[in-house]
Amino acid sequence: MEKYKKYSKQYFLPKERCLDWAERDCVGKAPVWCSVDLRDGNQSLVKPMSEDVKAEFFKLLLKLGFKEIEAGFPAASETEFKFIRRLIEKDMIPDGVTIQVLTQAREHIIKKTFEAVRGAKNVIIHVYNSTSAAQREQVFKKDKSAVKKIAVEGAGLLKELTEKEGADYRFEYSPESFTGTEPEYALEVINAVLDIWKPSAEKKAIINLPATVENSMPHVYARQTEYICRNLKYRNETLVSLHPHNDRGCAVAAAEMGLLAGADRIEGTLFGNGERTGNVDLITLAMNLYSQGTDPKLDFSDMPEICSLYESFTGMSVYPRQPYAGGLVFAAFSGSHQDAIAKGMEWRAQNGLDKWNVPYLPIDPADVGRVYETDVIRINSQSGKGGVGYVLKEYFGVDLPKNMKEQMGYKAKAVSDRLRKELRPEDIYAIFEENYIAPRTYFDISDCRFEEDGEVRAEITFTVGGNEETVKACGNGRLDAVSNAIKEKFGIDYVLDGYEQRALTSTSRSKAMSYVCVIDKNGTLYWGAGVDDDIIKSSYKALVSAVNNLLKGDI
């Protein structure tokens, strides 16, 4: 038998068919967010976080705006228990923030959990037991009624101990491996738990639907979610929560579809950390909402800092292509992409647009703390004139003419290809300077004197091989006169095709950058650039560089 044939569907579709949610095209509002980084994310680490590190991570989650944080599984280890006590005893939980603790539906574990949270103001006790067909048959070897009894007894003990404590804890129930449970049976167990708790509008229960193992396409999870939402007892008094895992790489899609299908709340982790392939990535999910014009109610405006802290806390790395967060997610190396982005940004500036619609950039990089100049336009052997021109203009105030920009793009690509590395802005300027400002191999001009009387007469002092010689020439303008002197001196012929002069915007001094193009008898273009406080000097310096390039045959 072929290996793939041993796999079959490990999920159950509800018999009731309704796809109303599939007609919706956006979630429209932020769900209730619950970070499980300190529990689910922590248990997946090769080296779990210490109590001190968890405390720092907790502070980060507060800063990001999380109002519900699963602080741990207090019965699982002494570190978990002590950390939760530290939060409570050191008054580290702000008003309006709720800590959540996880417990199996087993009496001694539930009692240990209650010891851990004693004295806390706002607490969610999250109880679970597995209900899936595979677990019932293979692990528990119990029938449906026996597994349901575990859930009901656990729910009853939560209520009993809360009343005994005189506390006001909220309750959450998860039928673990929900997606591998028959929906009708999952609903039966959930409603039995709710009958014990009898939630109210003032004290809502949470029913969490974990895709403990992601074993279906996202729309299947949405259909299962919708079935529960439509048939749940106490629906107005209950928050339906999702806890998607990422075994198929579809957790974000599953979460979004589940929200469309009626869910109210999401449990997940920053960057999707978690067992196996991880949990749903809350940053991606929240920023997806943001990119559609919905306030996610979380603050990811300083993504570089978040990435740095996360990596230091967990020992994990943020993948460079991680949506919204990775160091390269906005980077454009492709020449055509760079050109489109640069033109899009220019279009926005020219038209004073409020709405964001820039080619290749789904959101404004600045909204997550990325710097457009350094994080977006990146230059390597795949880059083109647009990116190279943008870097020169933004960093150095060098605004190249169109044809010169194309030449410069090829030169930068060639250097990057030869060195097999990305070019930094200073590398690009060095290439520009070497090829267009510095060329003085054959000659230079040390002095120019002009007289004007109908036409321009020039007296040009050339420096060739350390020797100076003065040549006189006339022209219809100063640059033309200098050009005629060059032709006479070196016995060459070319056409002075282009001259542009622009202010250097990156300097407080009023320097001018001039660009000159000459064309030889074969039609080849040679460019030069000159910079000086004096416009005339910058122009003839550019001409000198252009002609030097012509003499050595370097375009």
Side-chain angles (χ1 to χ4, degrees), residues 392 396-405 407-408 411 429-507 509-555:
L392 287 172
F396 307 104
V398 176
D399 188 7
L400 299 180
K402 181 179 178 180
N403 289 338
M404 189 180 186
K405 192 182 297 181
Q407 275 193 12
M408 177 59 201
K411 289 185 182 295
Y429 186 81
I431 295 168
F432 168 73
E433 186 175 48
E434 177 186 354
N435 286 275
Y436 296 108
I437 295 179
R440 298 287 190 273
T441 306
Y442 294 94
F443 74 95
D444 200 354
I445 291 178
S446 58
D447 189 35
C448 285
R449 298 178 185 276
F450 300 99
E451 292 182 2
E452 296 189 37
D453 184 15
E455 65 176 356
V456 175
R457 295 186 297 275
E459 187 175 293
I460 315 299
T461 302
F462 290 97
T463 302
V464 182
N467 300 313
E468 289 191 342
E469 180 182 344
T470 299
V471 175
K472 294 182 179 180
C474 298
N476 56 21
R478 294 188 180 189
L479 189 62
D480 186 53
V482 175
S483 178
N484 289 335
I486 291 172
K487 291 176 182 179
E488 179 181 333
K489 165 64 181 171
F490 298 102
I492 58 175
D493 191 25
Y494 58 82
V495 175
L496 184 59
D497 183 68
Y499 164 66
E500 295 186 30
Q501 182 271 320
R502 297 168 188 176
L504 274 175
T505 57
S506 64
T507 176
R509 299 182 64 191
S510 57
K511 286 192 174 184
M513 177 74 79
S514 295
Y515 308 97
V516 169
C517 177
V518 299
I519 303 178
D520 69 8
K521 61 184 179 181
N522 298 314
T524 305
L525 278 65
Y526 299 88
W527 283 92
V531 59
D532 200 278
D533 294 333
D534 182 271
I535 293 175
I536 300 302
K537 288 183 179 181
S538 72
S539 63
Y540 72 66
K541 284 180 179 181
L543 177 61
V544 168
S545 294
V547 177
N548 269 274
N549 281 332
L550 182 152
L551 290 171
K552 67 180 180 179
D554 187 357
I555 60 171

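Starting from 1, each residue takes its place in the sequence as its number.
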Pair M404-F432, side chain to side chain contact (heavy atoms under 4.5 Å, CB included): steps then yes or no | CA-CA 10 Å; M404 189 180 186; F432 168 73; 3.8 Å; yes
Check: V482 and F450 side chains under 4.5 Å, non-hydrogen atoms = yes
Where is the tightest heavy-atom contact between L525 and C517, given as atom of each residue plus distance?
-> CG-SG, 3.6 Å
E451 side, atom CD; K472 side, atom NZ - distance, nearest 0.5 Å = 8.5 Å
Atom pair CG (L479) and CG (L496), whose distance is rounded to the nearest 0.5 Å | 5.0 Å
Please list, chain by chain and in numerical order, all residues satisfying side chain to side chain contact (heavy atoms under 4.5 Å, CB included) with D453, sequence neighbours excluded.
-> R457
Looking only at heavy atoms, which two atoms of I445 and C448 are closest? And how far apart?
-> CG2-SG, 3.6 Å
Between OG on residue S538 and OH on residue Y515, distance to nearest 0.5 Å = 10.0 Å
Does K487 have any side chain to side chain contact (heavy atoms under 4.5 Å, CB included) partners at least two apart in sequence or in another chain, and if so, which?
-> S483, N484, D493, Y494
I492 and V547: side chain to side chain contact (heavy atoms under 4.5 Å, CB included), yes or no, with the steps?
-> CA-CA 10 Å; I492 58 175; V547 177; 3.6 Å; yes
N522 side chain to T524 main-chain N or O, any donor-acceptor pair under 3.5 Å?
-> no
Side-chain contact, heavy-atom cut-off 4.5 Å: F490 with V464?
-> yes
Straight-line distance of M513 CE to R502 CZ, nearest 0.5 Å = 11.0 Å
Nearest heavy atoms of P439 and K552, plus distance in Å = CB-NZ, 4.4 Å
Under a 4.5 Å cut-off applied to non-hydrogen side-chain atoms, are K489 and F443 in contact?
-> no
Non-hydrogen atoms of N548 and Y442 that approach each other most closely | OD1-N, 2.8 Å
With E468 via salt bridge (charged side-chain N to carboxylate O under 4.0 Å, His left out) - residues at least two apart = none
Considering all heavy atoms of both residues, which atom of A458 and which atom of A481 are nearest to each other, and what is their separation?
-> CB-CB, 3.7 Å
How about I536: does its CD1 atom have over 12 heavy atoms from other parts shown lying under 6.0 Å from it?
-> yes
Counterpart residues, side chain to side chain contact (heavy atoms under 4.5 Å, CB included), relative to A542 (two or more places apart) = S514, V516
Taking only residues two or more places apart in sequence, or in another chain, which ones meet A485 in a side chain to side chain contact (heavy atoms under 4.5 Å, CB included)?
-> I460, F462, V471, A473
Charged N to carboxylate O below 4.0 Å: is that the case for E452 and R478?
-> yes
Residues D497, W527; criterion side chain to side chain contact (heavy atoms under 4.5 Å, CB included); working and verdict | CA-CA 10 Å; D497 183 68; W527 283 92; over 6 Å; no
So CE of M408 and CG of L392: to nearest 0.5 Å the spacing works out to 5.0 Å
Which heavy-atom pair separates K405 from L400 by the least distance, and what is that distance?
-> CE-O, 3.7 Å
Has the side chain of S545 got a donor or acceptor atom that lies under 3.5 Å from a matching backbone atom of I437?
-> yes
Stepwise side chain to side chain contact (heavy atoms under 4.5 Å, CB included) test for T470 and E459 = CA-CA 7 Å; T470 299; E459 187 175 293; 3.3 Å; yes
Drop me the distance from D447's CG to Y540's OH, to the nearest 0.5 angstrom.
-> 6.5 Å
With sequence neighbours excluded, give me every salt bridge (charged side-chain N to carboxylate O under 4.0 Å, His left out) pair touching residues 432-443.
-> R440-D444
